[in-house]
Amino acid sequence: MQEPLENLTKDQLLALLKKETKKREKAEKSVSKREQEVEKAQHKIADLKFQVEYYKRLAFGQKRERFEGDKNQMSLPFEMEPQKAAAQESGLKEKLSDQRRKKTSNHKGRMALPEHLEVKEIEIYPKEDLTDMVCIGKEVTDELEYEPAKYYIKRYIRYKYAPKSKEGVIIGELPERVIEKGIPGAGLLASILVDKYQDHLPLYRQLQRFKRAEIPIASSTLEGWTRQSLKIIDILYQHLLEDIRSKGYLQSDETPIKVMDPAKKGKTHQGYYWVHHCPIDGTVLFDYQPGRSREAADHVLAGFKGYLQSDGYAAYDKIGKREGVTHLNCWAHARREFDKAKDNDRERAEKALSFIQKLYAVEAQAREQNLSPEHRKSLRLEKALPVINEFGKWMFDQMKHQLILPKSPIGKAFKYSMDRWDQLSAYLFDGILEIDNNLVENAIRPLALGRKNYLFAGSHSAAERAAGIYSFFAICKKHEVNPYEWLKYTLENIMAINHKDIRNLYPQNYKKLQQI
């Protein structure tokens, strides 16, 4: 039992006071630690809730990033009152009836069909007796029709001649074949590659077409034709690989591709296509690499000099710090970070998005007026630079004077932009530069569609071979060239063309070749 305080000496009282003080400090520390743990747990719960809402929005909600601002629109009710519904239905019925009367009485005609299509005429005469009747005119009705692809045999018959002296024999020269001693023609091979790499129709589905046409072709044969065709295209691709390294402005991005790997039984390897696009001339290059390291990016960018535009991936940051390289970042990626943060801090996120929206309005004005690079730079300095300065000042003030949790979505969005502020602003240096990386992302989209159909590449070498055809089909799209026509022409001519003129086979030069 503790002795009464009045019986304690001064030293005993001091000792007791120190003991109680230590107990209280320990208790306060324990409470403070628990409060910190609770606060961390609350932040983690808030972050997880945000992630759940974000993924729900990706799965079920609006996916576009366009920021439209607050239009003060009220949400619609889930159900309408019966009287209003009946009135609306009556009004809608009247409008539909009126519209049908207009269509019947005042038809403006159908869309004109293209003039380059073959026309098959079908003459139709009245079934009545036409004796002693005179034709006074005719009515023409056009109908767009389709016939499935037609297979046919191209048979070369080469005649042999011998002189009367019976010394020697001459024979007509066989044209250059795409696959030596193979049966497929250039048109068939071009169709197979376009179907697979442009229209994303896997080879096993293409085999069904041959079966329906009663043409017996083994799957291994079809795979062999594809492999040999891609090897031929690789000759042109190697020149493109060298040429892309000398471009002074590249937009770069990477996208995953699953690859079958014998070393990983039951699993696929995660490889990457590194995609590089030159906005100046519309050149696109896909480069397959097994990894996503800086060394993988260096296969193309090792000696690059000029403007390099990319997202915030660290491998590009290291390359962007090299001498002779000016690194640009992408405003579309910065915008996405703020768009994701709207559910976390709508006021600040929408404020940031409004600044970015003003920057894109300047770009839209430059496109509408078809400005030259010099005038586009002047317009940006006049209208975009003040917005960037105001935006940066606002973000700095928010981070300094307002409570923004660094790990919150809005905090991450602020950090993403502020860490890359110089690179985001670098597009103001030259009018040839783009505000974002969207052009190279557009070039990647067809590959993303293909992945959903064929799921993986058969091997690392197959992925490497496919890089060439993906590159040239992307260039065809940029320059509005028919990929089948270009590929058929290229397969027919690549083996016979002078090596000095091989770049004439690039898709961007195809239309010029057809005019010669």
Side-chain angles (χ1 to χ4, degrees), residues 178-184 188-211 216-242 244 252-276 284-302 313-315 443-474 487 491:
V178 180
I179 298 177
E180 191 64 29
K181 298 182 180 179
I183 64 171
L188 179 59
L189 293 173
S191 175
I192 291 170
L193 294 186
V194 169
D195 283 347
K196 178 174 171 59
Y197 295 103
Q198 180 72 21
D199 298 330
H200 321 301
L201 191 69
L203 294 181
Y204 76 88
R205 293 184 189 169
Q206 295 190 45
L207 277 172
Q208 303 305 314
R209 290 180 173 176
F210 288 104
K211 288 181 180 179
I217 295 177
S219 60
S220 58
T221 300
L222 194 58
E223 291 168 4
W225 291 352
T226 303
R227 182 169 55 253
Q228 292 180 72
S229 301
L230 292 177
K231 283 183 178 179
I232 294 171
I233 293 300
D234 187 64
I235 298 171
L236 188 62
Y237 173 73
Q238 293 303 320
H239 286 78
L240 182 69
L241 183 61
E242 291 301 319
I244 201 78
S252 299
D253 201 357
E254 73 289 340
T255 188
I257 177 74
K258 292 181 179 179
V259 181
M260 292 292 290
D261 191 338
K264 299 180 178 180
K265 293 184 179 180
K267 295 182 179 180
T268 55
H269 175 81
Q270 181 85 308
Y272 287 88
Y273 278 117
W274 294 76
V275 187
H276 309 278
V284 182
L285 182 126
F286 281 71
D287 176 43
Y288 173 75
Q289 294 296 319
R292 200 182 177 215
S293 64
R294 179 175 55 82
E295 288 73 19
D298 273 343
H299 183 244
V300 171
L301 300 175
Y313 182 45
I444 291 175
R445 282 199 178 100
L447 172 63
L449 293 173
R451 284 194 303 247
K452 294 181 179 180
N453 286 274
Y454 52 73
L455 302 180
F456 53 80
S459 65
H460 292 289
S461 58
E464 290 175 5
R465 288 192 296 268
I469 202 68
Y470 276 129
S471 301
F472 292 120
F473 282 169
L487 183 55
L491 290 174

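Numbers here are sequence positions counted from 1.
- Smallest separation of non-hydrogen atoms from I217 and L222: CG2-N, 4.3 Å.
- With S252 as the partner, the side-chain contact (heavy atoms from CB on, under 4.5 Å) test is satisfied by one option alone out of L285, V300, L301, D287: L301.
- Considering all non-hydrogen atoms of both residues, A457 and A463 come closest at CB-CB, 4.0 Å.
- Listed here is the closest heavy atom pair of S459 and V259: C-CG1, 3.3 Å.
- Of all the heavy atoms in I179 and P184, the pair that sits closest is CD1-CG, 3.9 Å.
- The CD atom of E223 sits 12.5 Å away from the CD atom of Q228 when rounded to the nearest 0.5 Å.
- Without hydrogens or angle criteria, Q289 side chain to A297 main chain gives no donor-acceptor distance under 3.5 Å.
- Between the CG atom of D195 and the CG atom of L203 there is a distance of 9.5 Å, given to the nearest 0.5 Å.
- When the side chain to side chain contact (heavy atoms under 4.5 Å, CB included) test is applied to L447, the partners found at least two apart in sequence or on another chain are T255, Y273, F286, R451, Y454, Y470.
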Can you list the steps and then say if V284 with I244 is a side-chain contact (heavy atoms from CB on, under 4.5 Å)?
CA-CA 8 Å; V284 182; I244 201 78; over 6 Å; no
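- How far OH of Y237 is from CG of L230: 12.0 Å, rounded to the nearest 0.5 Å.
- Looking at Y313, its side chain does come within 3.5 Å of a backbone N or O of R292 through a donor-acceptor pair.
- With values rounded to the nearest 0.5 angstrom, L188 atom CG is found 9.5 Å from L193 atom CG.
- With values rounded to the nearest 0.5 angstrom, D234 atom CG is found 11.0 Å from H239 atom NE2.
- The shortest heavy-atom contact between M260 and T268 is SD-CG2, 3.8 Å.
- Applying the side chain to side chain donor-acceptor pair (under 3.5 Å) criterion to H200, with sequence neighbours excluded, gives no partner residue.
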F472 and L487: CA distance, side-chain angles, deciding distance, side-chain contact (heavy atoms from CB on, under 4.5 Å) verdict
CA-CA 9 Å; F472 292 120; L487 183 55; over 6 Å; no
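- Remark: Y197 engages no residue in a side chain to side chain donor-acceptor pair (under 3.5 Å) (not counting sequence neighbours).
- Using bins of under 30°, 30° to 60° and over 60° for the plane-to-plane angle, the ring pair W225/F210 lands in the perpendicular bin.
- Between the side chain of H460 and the backbone N or O of P290 there is no donor-acceptor pair closer than 3.5 Å.
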Hey, mind stepping through S229 and I192 against side-chain contact (heavy atoms from CB on, under 4.5 Å) and telling me if it holds?
CA-CA 10 Å; S229 301; I192 291 170; over 6 Å; no
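- Note that the CZ atom of F456 and the CD1 atom of I257 stand 10.0 Å from one another [nearest 0.5 Å].
- The main-chain N or O of L201 is never found under 3.5 Å from a side-chain atom of D199 such that the two would form a donor-acceptor pair.
- Put simply, the side chain of Q270 never gets that close to the backbone of P256: no donor and acceptor are under 3.5 Å apart.
- The two residues W274 and A296 have their closest heavy-atom pair at NE1-CB, 3.7 Å.
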